[in-house]
Asks: 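Before I ask anything, let me first share the structure, which is written out below as structure tokens.
These values consider heavy atoms only, across backbone and side chains, with no hydrogens, waters or symmetry-generated copies. The shown structure was predicted, so the numbers you read here are calculated from the model rather than taken from an experiment.
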Amino acid sequence: MNKVGKRLKALREGIGIPQKKMAEAIGTTQSSINRYENGQSTPSVEIFRRYADYFDVSMDYIFARTDKPQGMTYEFKPKVTPEKEEMRRFIEMCFDPQSPMNEKLKETLFHMMEGDK
């Protein structure tokens, strides 16, 4: 919890407000803010949410899971379930063989499919 306390303190000090004013802004006491920042107490989920809203940062940032205030970015990459040959046939069907641009797009898809090993 020490990392979290340091992060909370850095957020508050970063905008130059005292603990008392921070406490008023998120609906707690100055002594609670002090305990959170020194790792002596753990804020409730609601207080964490208020911190995140007040500073417009993600919970990932507050919990020191990332150094990006907007949080971690997750990309959904579904696994290709059909066999590769079946997928190749499907891609072939989707493109007009007469179009030179479609050939380039098709090859890009094949390349992406091969890279997903």
Side-chain angles (χ1 to χ4, degrees):
M1 213 47 191
N2 200 21
K3 281 185 176 183
V4 173
K6 287 179 181 179
R7 182 64 52 101
L8 296 176
K9 185 175 183 175
L11 284 167
R12 181 184 58 76
E13 289 180 340
I15 61 171
I17 65 170
Q19 288 181 343
K20 184 171 175 58
K21 191 163 186 152
M22 184 74 230
E24 291 169 2
I26 65 170
T28 191
T29 63
Q30 182 272 327
S31 61
S32 292
I33 297 293
N34 187 52
R35 286 193 308 273
Y36 302 154
E37 290 180 359
N38 291 311
Q40 298 168 339
S41 181
T42 303
S44 67
V45 172
E46 180 60 23
I47 294 295
F48 276 128
R49 188 189 60 75
R50 290 177 189 170
Y51 265 103
D53 289 346
Y54 186 84
F55 290 106
D56 193 25
V57 296
S58 71
M59 295 293 261
D60 282 336
Y61 184 75
I62 288 175
F63 287 118
R65 292 184 61 196
T66 181
D67 290 328
K68 298 179 197 173
Q70 69 273 23
M72 293 183 168
T73 305
Y74 296 101
E75 287 185 35
F76 176 66
K77 293 183 180 180
K79 299 267 187 232
V80 179
T81 54
E83 295 297 310
K84 286 184 181 178
E85 192 52 44
E86 184 180 338
M87 182 59 82
R88 281 186 161 281
R89 283 194 302 270
F90 175 76
I91 291 171
E92 289 283 353
M93 287 179 5
C94 292
F95 291 95
D96 177 10
Q98 305 303 316
S99 171
M101 185 51 105
N102 283 340
E103 187 64 32
K104 187 171 185 106
L105 291 170
K106 184 172 62 174
E107 290 305 315
T108 300
L109 280 173
F110 287 147
H111 179 71
M112 289 170 55
M113 186 179 80
E114 294 299 321
D116 191 38
K117 291 181 181 179

Asks: Under the salt bridge (Lys or Arg N to Asp or Glu O under 4.0 Å) definition, can you give me all pairs with a residue in residues 25-37, not counting sequence neighbours?
Replies: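 Qualifying pairs, neighbours excluded: Arg12-Glu37.
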Asks: Specify the closest pair of heavy atoms between Ala64 and Arg7, including all atoms of both residues, with the distance to one decimal.
Replies: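 Closest approach of Ala64 to Arg7, heavy atoms only: CA-NH1, 4.1 Å.
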Asks: Minimum heavy-atom separation for Ile33 to Gln19, with atom names?
Replies: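 The pair with the smallest heavy-atom distance is CG2-CG, 3.7 Å.
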Asks: Quick one: side chain to side chain contact (heavy atoms under 4.5 Å, CB included) partners of Glu24, sequence neighbours excluded?
Replies: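 Once residues adjacent in sequence are excluded, the partners of Glu24 under the side chain to side chain contact (heavy atoms under 4.5 Å, CB included) criterion are Lys20.
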Asks: Kindly say whether Asn34 contributes a backbone atom to a donor-acceptor pair with the side chain of Asn38 at under 3.5 angstrom?
Replies: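 Judged by distance alone, yes, a pair lies under 3.5 Å.
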Asks: Same hydrophobic cluster for Val57 and Ile15, using side-chain heavy-atom links shorter than 4.5 Å among ILVMFWY?
Replies: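 Yes; Ile15 is reachable from Val57 via cluster members.
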Asks: For ring pair (Phe, Tyr, Trp, His ring centres under 6.0 Å), just list the numbers for Phe55 and Tyr61, CA-CA rounded to whole Å, side-chain angles, deciding distance to a tenth of an Å, and then say yes or no.
Replies: CA-CA 11 Å; Phe55 290 106; Tyr61 184 75; 9.4 Å; no
Asks: Check salt bridge (charged side-chain N to carboxylate O under 4.0 Å, His left out) between Asp56 and all other residues, then give those that pass, not counting sequence neighbours.
Replies: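 By the salt bridge (charged side-chain N to carboxylate O under 4.0 Å, His left out) rule, Asp56 matches no residue at all.
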Asks: Which of these passes side chain to side chain contact (heavy atoms under 4.5 Å, CB included) with Tyr51: Ile62, Thr28, Val4?
Replies: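 The residue from Ile62, Thr28, Val4 that satisfies side chain to side chain contact (heavy atoms under 4.5 Å, CB included) with Tyr51 turns out to be Ile62.
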Asks: Of all residues at least two apart in sequence or in a different chain, which pass the side chain to side chain contact (heavy atoms under 4.5 Å, CB included) check with Ala25?
Replies: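 Ala25 satisfies side chain to side chain contact (heavy atoms under 4.5 Å, CB included) with Tyr54 only.
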Asks: State which residues pass side chain to side chain donor-acceptor pair (under 3.5 Å) with Arg50; sequence neighbours excluded, sorted by chain then number.
Replies: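 Testing Arg50 for side chain to side chain donor-acceptor pair (under 3.5 Å), a comparison that skips the adjacent residues, returns Glu46.
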